[in-house]
**Q** 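What follows is a structure written as C-alpha cells; I'll ask about it next.
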Amino acid sequence: MTTYFSEPQSMYYRFGEDQDQVLKVLAERYIGANAQADFVYRVFQKSGILQNEKGLYDLNLGKRFPDAPKDHISYAAALVWGDEDRNLDVLVRCYGPVRFYFNEQLIYRSTVMDEISPDATVKLSIDIKPGWNTIWLEMKNTPAGFGCQFGSDEGKVRILNVFAPFQERQGQAGWVFSQPNRTASTQPDLLGKEADYSLKWLPETGWSDEDETKPALERIYGHLPGRHAYAWTHLNNTDSTGSPVRLSGQSSGSLSIWISGKPVAQVKEAGPFEVDVPASFGRSDLLVRSECNDTAGPWHFNLNATVSGKPLSLELPQRVHGANGESWLYVGPFESVVEPDLADLTRTDRVYQTGLEQTYWRLDRPDAWIRPYYENAMLSNKWTVGSVTNYGRWDYPLGVTVYGLLRTGRYLQRPDITRYAAEHVQACTQMYEYSLWDREQYGFPAVNQQLVMLKMLDNCGSFGSAMLEAYSECHEPTFLPIAERIADFMLSRLERQEDGAFYRTCVGEYAENTMWADDLYMSTPFLVRYARVTGNSSALDEAARQFLLYRKYLFIPEFKIMSHVYDFKYGQATQIPWGRGNGWTLFSLTEVLEALPAEHPERPALIDFFNELCEGYAALQGESGLWHQVLNAPQTYEEASCTAMFAYGFARGVRFGWFKDPEAYVTAAQRAWKGLICKAIDRQGNVHGVCSGSRYAFTAEYYDQDLRTVTNDNHGIGIMMLAGTEVAKMKNLLADHQVTSPAVTHS
C-alpha cells in the first residue's frame, strides 16, 4: 500500500469528514502558493537572437557575419535561473562546429555528422541548479556554416527563458554574442562586468555617436513630418499641499498632455512651453502626444515637472527589468489620420494600429522594446529569486485547476476564490492580441505559447473549457473570440481518421499517428461549453460522436475499461489502461451527459457506455479506496488523480440518476474520497501521489517506473477540488432525499 505521509499529517486526521474544510484548505493553499503576479516585463532587443517557430534560438551567425573569415570563432552566452533542482532536455542543431558548456562544464562537442547533416538534431539533458546557471556556446565558421540552433525540447511547454549576462545588461532578456575572432577565448565571469572582457559583444546597448546627438523621437523613429507618437511616464508628485504642478519644456511641434487620462495642456506651435496643471499626490500617468513638424528641426520634446520650484521625478510607468535610467516609454509612429483610443494608451496588454501596421511600447535605446514574459520566478535588481507562481499561464493542467477553483468557490459561496480563477484566465486572454504580435515580431511568443502555437488539443481544449466556465463569472469580452478560434481548430482543422475520430498525426514525433484517451478531455468539455455559450448544437453533437468513436478503438471489453492509446502505426491499442487516461474519459463523459438533451439520439448509447465503464472501474478499486496507476496491475502504485476522477464521475452519476443501480457507486465514491484525504491530501492541503505528465508505452512498467508521482502537480490539484465538491453534493442530495422521503431505505 502506498504511503506518502504519516497518519497524523493527513487531511482526514485533521478534519475527518468535514468536506467543506478540506475544500477550503485545498483552494486556499493553492491560491496562497500562486500569487496573482503580473507578467515580468524586460528589455529585449529585436536585433538580437530570435526564436524560430519551434522555440529554438536561431544563432545563424553565417547570416549575421557573411564576410567572417574561415575558422574564426564567435561565442554566445546567456543565463538561466533555477528555482530548484530540475532537469531539462535541450536540442542543438548545428550549422557548423559547436561546443556547448553548461555551468562551465563541456556538455557537447559536435561531430562531423552533426555539422553536415541538415536535419541532424542532438538532444541533451542538463541539470539546472538553484540560482544562476550559465550557457556558453563556442561556434566556428566553416564553408558549410556558422552557428547553431539551441533551445528546449517542446519549447512551448518546457519554456526556456534566457537572460543577458553581465552587470551592464542586468535584467534584460536574450543572448549576447560576439563578433568573430581569430583566436579562441575562455569563458568570462558572466555575472561580472562586460567591460572587463576583450570581446566585442552584440547587440549594442547604446546609440552610435551620430545617433547620440539626436533627440529621442528622432533617433527612435527618424524624421517623419505629419506623423505622431506617444510617450508615457509616471509623474511622482511628492507635494501634499495641493499646489499645482508646473510642466515646462520645449517641443518641435504640437504637443498634447494628459494626466490620469484628463487633458491638461495643449501646445500648438514649436518652441518652449510652460503650464500649471493639477496633479494628485503620488504617482499619476502622464501621457504626451508629439507631432513631427517638417520645419522645426529634429523631432523632439522635453518635459520637466516642478512644484513650488522643487523638481519632481518622472519614472517608468511599468516595471521593466533592464531599463535602469529610463523614464519614458514610446509608441508610434502613427499615421496622421490614426488616433488610438486614449483609454488604451496607458496599459501594456494592447498592441496599437499605426496605419497598416501594429506596434507596441519601446525604449530610447537601439531597437529596444519592452516584452512581457511568463516566468516561474520574479527576479529583483539584486538578482535574487522571489516567489514561484502558476498565475497567468495557459496550459492544460492549469485548465482543470482553474475549473476546480471555480466549482469550489461556488460550492463554498466564496466569490474570492471564483474571482481569483476568473482573473487567472483574464490574465491570459487579455494578452492574446499582444501574443500574436509578439510571435510575428520575434518568431516565437513570450506569453500564451500553447494558445498561439495551436497545433494539438492539449494546447487549447482544457484551458479553453475553463475559460468558458469562467465566462459566467466575468463576461470578459476577450473570451469569445478565442473560443471561436479554438472551435474552428477542433471542428474544421484538427486531424481525423476517415470515420471522423480525432487523432494525432505528429509527423516525426514520438506520438506520430496515435489516438489518446486523454484527448476526450482535451476536446469534449470545451465543445460542451462552446455549444452552451454560443447555441451551436453541432459542437455538442461532435462531442457525443467522439465518445462512441473512441470506444471503438480503445475499449477493453474483458475489463470494461479503456486502453490509454491506439497506435495506428501498428494497427492496435496498447492495451495498457493508464489510470489518469481512464479518469479523463469518465470525467469528460459526465460533462457530455450533463449537457446532452434527453431526446438526443446518442444519449442511450452514452448512458450504457457510462455504466459499462463505471462497472469496470468499480471492480478494480483497491482496499484503500484508491486505484492503481495501471488499473488492472495491482503491483503498480496507487495514484491519486485517477482516483479523484473516478470519485467525481461516480458522484455525478448518482446525482444525475445515470446508474441503473446507484448504491455500489455511492459507497465507491465515498471510499475513494476517504482514501484521498487519508493518503493523498495532507493537513496543509498539499496533494501527493499524482502521476507526472505521460507519454505512452505498450508495457505497464513504463507507467509504474518511469512516471513517478509529483507533489502539488497541477494534473491533480484541481481534480481533488472537483471530486470533493461532487462527493459533497452527492451526500447533500442523499441527505435531503432521506429527509423529504423518510419511507425510502437503502440496502
Side-chain angles (χ1 to χ4, degrees), residues 2-37 387-391 397-424 466 469-470 473 583 587 624-626 638-648 650-652 669-691 709-732 735:
T2 307
T3 301
Y4 297 104
F5 42 77
S6 64
E7 182 184 356
Q9 293 176 293
S10 73
M11 189 68 83
Y12 181 77
Y13 186 90
R14 175 67 179 84
F15 293 116
E17 300 286 348
D18 190 341
Q19 209 131 350
D20 289 9
Q21 282 288 353
V22 175
L23 290 167
K24 176 183 175 183
V25 173
L26 274 170
E28 290 181 350
R29 190 220 64 83
Y30 178 83
I31 293 171
N34 293 277
Q36 289 186 274
S387 60
V388 179
T389 179
N390 284 314
Y391 187 80
L398 285 171
V400 74
T401 305
V402 167
Y403 184 29
L405 288 166
L406 289 168
R407 285 289 183 93
T408 299
R410 291 168 188 163
Y411 171 77
L412 295 175
Q413 298 182 9
R414 288 278 302 273
D416 58 318
I417 295 174
T418 55
R419 183 171 58 251
Y420 170 93
E423 288 175 356
H424 178 141
E469 183 70 21
E473 304 295 332
F587 176 99
S624 66
L626 276 64
E638 293 174 321
E639 203 278 329
S641 66
C642 72
T643 298
M645 292 190 205
F646 296 144
Y648 177 87
F650 290 176
R652 283 168 68 80
Q670 292 185 105
R671 285 182 58 220
W673 180 249
K674 185 173 181 180
L676 290 171
I677 60 177
C678 286
K679 299 184 175 300
I681 308 172
D682 69 28
R683 61 191 298 165
Q684 283 78 38
N686 297 297
V687 175
H688 304 260
V690 174
C691 163
T709 62
V710 180
T711 301
N712 291 328
D713 189 284
N714 287 320
H715 291 87
I717 296 170
I719 196 59
M720 296 299 154
M721 289 185 267
L722 287 164
T725 58
E726 284 299 330
V727 172
K729 289 176 183 178
M730 178 190 74
K731 290 179 179 179
N732 293 339

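The figures here come from the full heavy-atom set of this structure, side chains too, leaving out hydrogens, waters and symmetry mates. Positions are given from 1 along the sequence. These numbers were taken from a predicted model, which means no experiment stands behind them.
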**Q** Sequence neighbours left out, what passes ring-ring contact (aromatic ring centres under 6.0 Å, His included) with H715? Give chain and number order.
**A**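 With sequence neighbours excluded, H715 shows a ring-ring contact (aromatic ring centres under 6.0 Å, His included) to Y396, given in chain and number order.
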**Q** With side chains defined as the heavy atoms from C-beta onward, is the minimum distance between K729 and R652 less than 4.5 Å?
**A**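 Side-chain contact under 4.5 Å: no.
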**Q** Keeping R410 on the side-chain end and T418 on the backbone end, is there a donor-acceptor pair under 3.5 Å?
**A**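 The answer is no, because no donor-acceptor pair under 3.5 Å joins these two groups.
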**Q** Residues two or more places apart in sequence or in another chain: which of them pass ring-ring contact (aromatic ring centres under 6.0 Å, His included) with F646?
**A**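 Applying ring-ring contact (aromatic ring centres under 6.0 Å, His included) to F646 gives Y617, W627.
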**Q** Among residues at least two apart in sequence or on other chains, which ones pass ring-ring contact (aromatic ring centres under 6.0 Å, His included) with F5?
**A**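 Listed in chain order: H688.
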**Q** Does E726 reach the side chain of R407, with side-chain heavy atoms less than 4.5 Å apart?
**A**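 In short, these two side chains touch, coming nearer than 4.5 Å.
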**Q** With heavy-atom distances below 4.5 Å as the criterion, would you say the side chains of T408 and L26 are in contact?
**A**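 Sidechains of L26 and T408: no contact.
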**Q** With sequence neighbours left out, what residues match Q9 under side chain to side chain donor-acceptor pair (under 3.5 Å)?
**A**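 Checked Q9 against side chain to side chain donor-acceptor pair (under 3.5 Å); matches are S6.
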**Q** As an exercise, state the distance from CG of N34 to CZ of R29, rounded to the nearest 0.5 Å.
**A**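 Going from CG on N34 over to CZ on R29, the span is 7.0 Å.
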**Q** How would you list, by chain and number, every residue that makes a ring-ring contact (aromatic ring centres under 6.0 Å, His included) with Y403, sequence neighbours excluded?
**A**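 Residues passing ring-ring contact (aromatic ring centres under 6.0 Å, His included) with Y403: none at all.
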**Q** Side chains of E7 and Y13: donor-acceptor distance under 3.5 Å anywhere?
**A**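 Absent: no donor and acceptor within the cut-off.
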**Q** If only atom types and distance count, is the side chain of T389 paired as donor or acceptor with the main-chain N or O of A35 below 3.5 Å?
**A**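 Between the backbone of A35 and the side chain of T389 there is a qualifying donor-acceptor contact (under 3.5 Å).
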**Q** Any side-chain heavy atom of L722 within less than 4.5 Å of one from V400?
**A**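 Yes - at least one pair of side-chain heavy atoms lies under 4.5 Å apart.
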**Q** Listed by chain and number, what are the salt bridge (charged side-chain N to carboxylate O under 4.0 Å, His left out) partners of D20, not counting sequence neighbours?
**A**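 Salt bridge (charged side-chain N to carboxylate O under 4.0 Å, His left out) list for D20, sorted by chain: empty.
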**Q** In the structure I gave you, are the side-chain heavy atoms of Y411 and N732 within less than 4.5 Å of one another anywhere?
**A**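 Result yes, sub-4.5 Å side-chain heavy-atom pair found.
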**Q** Would you say Y4 and T711 make side-chain contact, with heavy atoms under 4.5 Å?
**A**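 They are not in side-chain contact.
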